[in-house]
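Below is one structure, written out as structure tokens; the observations come after it.
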Amino acid sequence: MSTDRPRLSVSLPYWQDRDPLDALAVAEVAEKFGYHRLWIGEMATFDAFALATAVGMAPGRIPLCLGPFAVDVRSPATIAMGVASVAALTGRSVDVAIGSSSTVVVSGWHGRERNRTAVHLEETARILRGLLAGEKADFDGAVERIKGYRLRLAPTHSSIAVAAFGARALVAAARTADRVVLNLVTPEQVSRCAELVRTAAADAGLPSPAISVWVTAAADPTADMRATVRRGVVGYLRAPGYDAMFEEAGFGEVVRLAHSGAHPRDVLAAVPDELPAAVGMFGDAAALADRLDAYRRAGADEIVVVPATSAEDPAGHHTLETLARIDHD
């Protein structure tokens with residue numbers, strides 16, 4: 001774990017019941033309050049490279065981290081090309097994250113197959129590191145192959161983050177990543193994952209990657225904001241890895257309902273406020289400060305805030321202002 005003070009960053013949220021263009025407003029707020037980094041992922045709205053270019057062309061200098069990109073959907077060459085394109089067009093510092101996503105996204109949405117996830121993550125990270133350093137790629141692995149490709153844009157030397165949760169993926173990340181990304185986890189799970197990463201890195205004779213944790217947050221949340229967050233977790237309840245995490249956190253009954261094939265509205269109705277609260281930060285300033293401290297003590301080197309947005313708190317302004325004030329105290 002880094003010896004530096006843990007950083008506070010922002011990830012653009014893509015809430016199902018909010019205007020997708022809210023992402024641009026959230027980016028402005030993150031810039032305004034001096035957050036360390038802006039993470040730009042993708043789900044069912046924007047292509048992350050296009051959105052990152054729009055953000056990066058606006059006033060401000062906040063560094064960007066793009067992804068996590070699903071390695072079964074995008075090839076290392078297309079990821080590297082996108083990262084280098086954003087960096088060249090915006091002049092900003094641009095890092096990249098990769099992950100395995102879910103069967104719904106990979107197979108259902110994109111018609112691809114998830115294949116040897118841990119190996120695929122490790123091979124993609126190795127190829128990306130060379131491409132983003134300006135090297136010609138020649139790699140013949142168990143899953144990924146690339147021959148003779150070199151980017152003609154300037155090298156970005158981007159740091160590489162790997163989103164992981166399962167033991168094999170965490171070990172792969174420890175061997176190849178500058179940073180490991182955890183999402184929807186309790187502080188206790190952060191501590192356990194961080195220990196596994198440190199051990200795997202030590203076994204490989206490598207420095208331990210930093211730990212970044214995505215944490216959904218709302219300051220003084222309204223009923224509408226809580227409903228938005230509950231709706232956002234429904235799709236994760238039967239995703240491999242996430243389901244086990246929620247079950248471990250004490251929500252096995254809701255997980256089993258999701259796996260039963262119940263309609264999403266019935267699953268949503270069964271999700272209590274306590275479920276997102278177990279893996280997030282909600283409440284007044286004192287409650288947020290305590291929760292922030294819990295994640296930091298668990299081993300997070302970077303806490304990436306995913307702000308709940310609503311008509312009462314457009315662009316998560318109140319939430320991001322509150323957390324920035326806590327961070328600076």
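Placement of Leu24 and Leu320 within a single hydrophobic cluster is found when ILVMFWY residues are connected by side-chain heavy-atom separations under 4.5 Å, directly or transitively. Note on Leu275 and Leu268: same hydrophobic cluster, where clusters join Ile, Leu, Val, Met, Phe, Trp and Tyr whose side-chain heavy atoms are under 4.5 Å apart, directly or indirectly. Under the 4.5 Å side-chain heavy-atom criterion for ILVMFWY residues, no single connected hydrophobic cluster contains both Val306 and Val190. Taking hydrophobic clusters as Ile, Leu, Val, Met, Phe, Trp and Tyr residues chained together by side-chain heavy-atom distances below 4.5 Å, Val96 does not share a cluster with Leu89. In the hydrophobic clustering of this structure, Val181 does not group with Tyr35; members are Ile, Leu, Val, Met, Phe, Trp, Tyr whose side-chain heavy atoms approach within less than 4.5 Å, directly or through other members.
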Could you go step by step and tell me if Arg116 and Asp72 meet the salt bridge (Lys or Arg N to Asp or Glu O under 4.0 Å) rule? CA-CA 10 Å; Arg116 300 182 67 179; Asp72 292 298; over 6 Å; no
Between Ile146 and Leu131, does the side chain to side chain contact (heavy atoms under 4.5 Å, CB included) criterion hold? Intermediate values first, please. CA-CA 11 Å; Ile146 184 171; Leu131 288 174; 4.2 Å; yes
Tell me, with the steps shown, if Asp301 and Arg7 meet salt bridge (Lys or Arg N to Asp or Glu O under 4.0 Å). CA-CA 6 Å; Asp301 299 291; Arg7 304 281 196 163; over 6 Å; no
Show, in sequence, the C-alpha distance, side-chain angles and deciding distance for Trp15 and Val229, and conclude whether the side chain to side chain contact (heavy atoms under 4.5 Å, CB included) test is met. CA-CA 8 Å; Trp15 301 115; Val229 174; 4.1 Å; yes
Between Met245 and Phe165, is a side chain to side chain contact (heavy atoms under 4.5 Å, CB included) present by the stated rule, with each step listed? CA-CA 9 Å; Met245 183 275 300; Phe165 185 74; 3.7 Å; yes
Begin with the C-alpha distance, continue with both residues' side-chain angles, and end with the deciding distance and a verdict on salt bridge (Lys or Arg N to Asp or Glu O under 4.0 Å) for Arg296 and Asp327. CA-CA 11 Å; Arg296 285 172 166 163; Asp327 189 50; 2.6 Å; yes
Set out, in order, the CA-CA distance, both residues' side-chain angles and the distance that settles salt bridge (Lys or Arg N to Asp or Glu O under 4.0 Å) for Glu247 and Arg256, then state yes or no. CA-CA 9 Å; Glu247 188 162 12; Arg256 288 188 288 276; 3.5 Å; yes
Starting from the C-alpha separation in whole Å, work towards a yes-or-no answer on side chain to side chain contact (heavy atoms under 4.5 Å, CB included) for Leu121 and Ile98. CA-CA 7 Å; Leu121 286 169; Ile98 58 175; 4.2 Å; yes
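Counting only distance, with no hydrogens or angles, the side chain of Arg179 and the backbone of Pro209 share no donor-acceptor pair below 3.5 Å. For Glu31 (side chain) and Gly60 (main-chain N/O), no donor-acceptor pair under 3.5 Å exists by modelled atom type. Formation of a donor-acceptor pair under 3.5 Å by the Gln189 side chain with backbone atoms of Thr186 is found in this model. Under the 3.5 Å distance criterion, the side-chain polar atoms of Asp140 are left unmatched by any main-chain donor or acceptor of Arg145. The main-chain N or O of Gly280 is found under 3.5 Å from a side-chain atom of Arg291 such that the two form a donor-acceptor pair. For Arg129 (side chain) and Thr176 (main-chain N/O), a donor-acceptor pair under 3.5 Å exists by modelled atom type. Looking at Thr78, its side chain does come within 3.5 Å of a backbone N or O of Ser75 through a donor-acceptor pair. Remark: the backbone N or O of Gly148 is paired with a side-chain donor or acceptor of Asp138 at under 3.5 angstrom. Distance alone, capped at 3.5 Å, is enough to place a donor-acceptor pair between the Ser85 side chain and the Met81 backbone. In this structure, Glu123 contributes its side chain and Val143 its backbone to a donor-acceptor pair below 3.5 Å.
The line from OG of Ser159 to CG of Asp95 is 3.0 Å long, rounded to the nearest 0.5 Å. Atom CG in Leu64 sits 10.0 Å away from atom CZ in Arg37 (nearest 0.5 Å). In this structure, the separation between OG on Ser158 and CD1 on Ile79 is 12.0 Å, given to the nearest 0.5 Å. Annotation: the span from Thr322 atom OG1 to Asp284 atom CG amounts to 9.5 Å, rounded to 0.5 Å. Rounded to the nearest 0.5 angstrom, Asp19 CG and Thr45 OG1 are separated by 10.0 Å. Between the OG1 atom in Thr124 and the CD atom in Glu144 there is a gap of 4.5 Å [rounded to 0.5 Å].
With respect to Val94, the side-chain contact (heavy atoms from CB on, under 4.5 Å) criterion is satisfied by exactly one of Thr156, Leu132, Leu66: Leu66. Exactly one of Trp214, Trp39, Tyr295 qualifies for a side-chain contact (heavy atoms from CB on, under 4.5 Å) with Glu302. That residue is Trp39.
Nearest heavy atoms, Val234 versus Pro264: CG1-O, 4.3 Å. When all heavy atoms of Glu312 and Asp224 are compared, the closest pair comes out as OE1-OD2, 3.7 Å. Contact record, Leu12 with Leu38: CD2-CD1, 3.6 Å, taken as the closest heavy-atom pair. A pairwise comparison of heavy atoms in Leu288 and Ala219 identifies CD1-CB, 3.7 Å as the closest pair. Ala164 and Ala173 get closest at one heavy-atom pair: CB-CB, 4.5 Å. Across all their heavy atoms, Phe46 and Leu21 have their closest contact at CZ-CD2, 3.7 Å.
In Arg18, the CZ atom is crowded: over 12 heavy atoms of neighbouring residues, nucleotides or ligands sit closer than 6.0 Å. Open room surrounds CD on Glu253; 12 or fewer heavy atoms of other groups in view lie less than 6.0 Å from it.
Salt-bridge check for Asp329 with Arg325: failed, with every basic side-chain N at 4.0 Å or more from each acidic carboxylate O. Note on Asp17 versus Arg231: salt bridge recorded, some NZ/NE/NH1/NH2 to OD/OE distance being below 4.0 Å. The existence of a salt bridge linking Glu248 and Arg192 is confirmed by a sub-4.0 Å separation between a basic side-chain nitrogen and an acidic carboxylate oxygen. Of the charged side-chain nitrogens involved, at least one lies within less than 4.0 Å of a carboxylate oxygen, so that Glu122 and Arg126 count as a salt-bridged pair.
Residues Leu8 and Leu292 are in side-chain contact: their nearest non-hydrogen atoms beyond the backbone lie under 4.5 Å apart. By the 4.5 Å heavy-atom criterion applied to side chains, Val304 and Val213 are not counted as neighbours. Here the side chains of Pro221 and Thr319 are not in contact, with every heavy-atom distance at 4.5 Å or above. Side-chain contact between Pro63 and Arg92: absent, with no pair of heavy atoms (C-beta onward) separated by less than 4.5 Å. Residues Met225 and Phe282 form no side-chain contact, since every pair of their non-hydrogen atoms from C-beta on lies 4.5 Å or further apart. At a threshold of 4.5 Å between non-hydrogen side-chain atoms, the residues Val279 and Tyr236 do not count as touching. For the pair Phe33 and Leu323, the minimum side-chain heavy-atom distance is 4.5 Å or more. Under the 4.5 Å side-chain criterion, counting only non-hydrogen atoms from C-beta, Leu182 is in contact with Leu170.
At a cut-off of 3.5 Å, with distance as the only test, no side-chain donor of Asn115 or His120 sits close to an acceptor on the other residue. Inspection of the Asp22 and Tyr14 side chains reveals no N or O donor paired with an N or O acceptor under 3.5 Å.
For Phe49 and Phe69, the ring centers are positioned less than 6.0 Å apart.
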